[in-house]
K.L.:
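Let me give you the structure first, and then I'll get to my questions.
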2 protein chains.
Amino acid sequence: MVERLLQRIDREILAAGGKRSRCRAVVMEHFFRAGHHLTVEELTRNVRTAFPGIGGVTVYRTLKLLARMGYAKELDFGEGTRRYESNLSSHHDHLVCRECGAVIEFQDPRIERLQELVTRRHGFRPAAHRLEIYGCCRDCAAGGGRAGKR
Amino acid sequence: MVERLLQRIDREILAAGGKRSRCRAVVMEHFFRAGHHLTVEELTRNVRTAFPGIGGVTVYRTLKLLARMGYAKELDFGEGTRRYESNLSSHHDHLVCRECGAVIEFQDPRIERLQELVTRRHGFRPAAHRLEIYGCCRDCAAGGGRAGKR
DNA sequence: GTTACTATGAAAGTGAATTTCATGATCAGG
DNA sequence: CCTGATCATGAAATTCACTTTCATAGTAAC
Ligand SMILES: [Mn+2]
Ligand SMILES: [Mn+2]
Ligand SMILES: [Zn+2]
Ligand SMILES: [Zn+2]
């Protein structure tokens, strides 16, 4: 599954004048296999367990590249460091727990529709949007859940 | 109007063990009189026309203080630099034009309500949220409107 | 006024992200 | 295979917004 995806991306990079590289392949593989909402540092740590020599700069560059190509999405939960997620799943927004850092994804067509109406009312042509709700997740509200799932 | 507000804030600062200061007063006055969605640098430029000696650090500190006290709100439109707005008007979200930087405020109780429902469904206790829609404003879509109103 | 604070701003520090540059890897063409 | 040409890599340097430090100036309680 991920194999096919990586081949496709490699072909696309090649067509654009780039070259294959083992480092980048390893980074991409870990990125698409990992859970969502990773920081560059978290992903770098993961990758290094399998490929210790990897430079952090390469992880930065690979994620930027994937974002430019449309395969990754940059997220900003106001922590001061960016997070990335695969852009292959369908659009969704996020509930972010400020206690444990858990991130819950949700998708609500009614909200999306109302956003459409708002932009239309203002003659605004929307290209992207971000909706994040910050607060306290169920586990933390119940008293100290430390799931920490991103 | 702003006079009364500044007096109230000064009293609050005094009650918390702070002291009055001419610099801070000038910064606050310009902040509340200025249009919304200013960066620290923009506000500093404004203040300096009336008070050339002011240090940028003081503007940073004053805005942070106002945010802590609940009179200002920090915004992040993904530009890499924070913006601030007065927190005295009622809650609203933003349409942000990526061409000219114009910011349109909107408020939609139906969207707010649906957000409530989403959090409830996940047992999530919301504390804050951010909804920004990025795209192209009416003027820019019509071909080169350069309003640039923040 | 004296005293004990707080506020200020220049300079230094911080930290994420980007750029630079010398070196290594990849590939097309002979 | 070679051989260039070009791209990828990563350590180090740089950038940039923002924060902290610290000596000095301002403020207010006594
Ligand atoms: Mn997500
Ligand atoms: Mn606003
Ligand atoms: Zn939690
Ligand atoms: Zn515009």
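All chains are named by letter (A, B, ...) in the order of the sequence lines, taking the proteins before the strands, and each is independently numbered beginning at 1.
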K.L.:
Figure out the CZ/P separation between A:Arg48 and D:dT9, and round it to whole Å.
P.N.:
14 Å
K.L.:
Please give, in whole Å, the distance from D:dT9 C1' to A:Lys64 NZ?
P.N.:
18 Å
K.L.:
Please check if atom CZ in B:Arg125 has more than 12 non-hydrogen atoms from other residues, nucleotides or ligands closer than 6.0 Å.
P.N.:
no
K.L.:
In whole Å, what is the span from the CG atom of B:Asp10 to the C1' atom of D:dT27?
P.N.:
12 Å
K.L.:
Send over the distance from A:Arg83 CZ to C:dA17 C1', rounded to a whole Å.
P.N.:
16 Å
K.L.:
Given atom OH of A:Tyr60 and atom P of D:dT9, what is their separation to the nearest angstrom?
P.N.:
16 Å
K.L.:
Where the side chain of A:Arg82 is concerned, which of D:dA17, C:dA11, C:dT18 is the nearest nucleotide?
P.N.:
C:dT18
K.L.:
Measuring to OP1 and OP2 of C:dA16, would you say a side-chain N or O of A:Thr81 lies under 4.0 angstrom away?
P.N.:
no
K.L.:
Quick check against the 3.5 Å criterion: does A:Arg130 have a side-chain atom that pairs as donor or acceptor with the backbone of A:Asp76?
P.N.:
yes
K.L.:
My understanding is that only one of A:Glu74, A:Glu42, A:Glu41, A:Glu132 makes a salt bridge (charged side-chain N to carboxylate O under 4.0 Å, His left out) with A:Arg83; could you say which?
P.N.:
A:Glu42
K.L.:
How long is the line joining CD of B:Glu74 and P of D:dA17, in whole Å?
P.N.:
16 Å
K.L.:
Any chance the rings of A:His94 and A:His36 have centres within less than 6.0 Å?
P.N.:
no
K.L.:
Please give, in whole Å, the distance from D:dA8 P to A:Leu63 CG?
P.N.:
15 Å
K.L.:
Strictly by modelled atom types, are A:Glu85 and A:His92 linked by a side-chain donor-acceptor pair under 3.5 Å?
P.N.:
yes
K.L.:
How long is the line joining CG of A:Leu75 and C1' of C:dA16, in whole Å?
P.N.:
16 Å
K.L.:
Can you identify which nucleotide, out of D:dT19, C:dA17, C:dG9, has its nearest atom closest to the B:Arg61 side chain?
P.N.:
C:dG9
K.L.:
Give one of base, sugar-phosphate or nothing for A:Gly80, where a contact means two heavy atoms less than 4.0 Å apart.
P.N.:
sugar-phosphate
K.L.:
Report yes or no: do B:Tyr71 and B:Arg8 form a side-chain donor-acceptor pair below 3.5 Å?
P.N.:
yes
K.L.:
Which of residues 11-31 of chain A have a heavy atom under 4.0 Å from DNA chain C?
P.N.:
A:Lys19, A:Arg20
K.L.:
Are the side chain of A:His129 and the backbone of A:Ala127 linked by a donor-acceptor contact shorter than 3.5 Å?
P.N.:
no
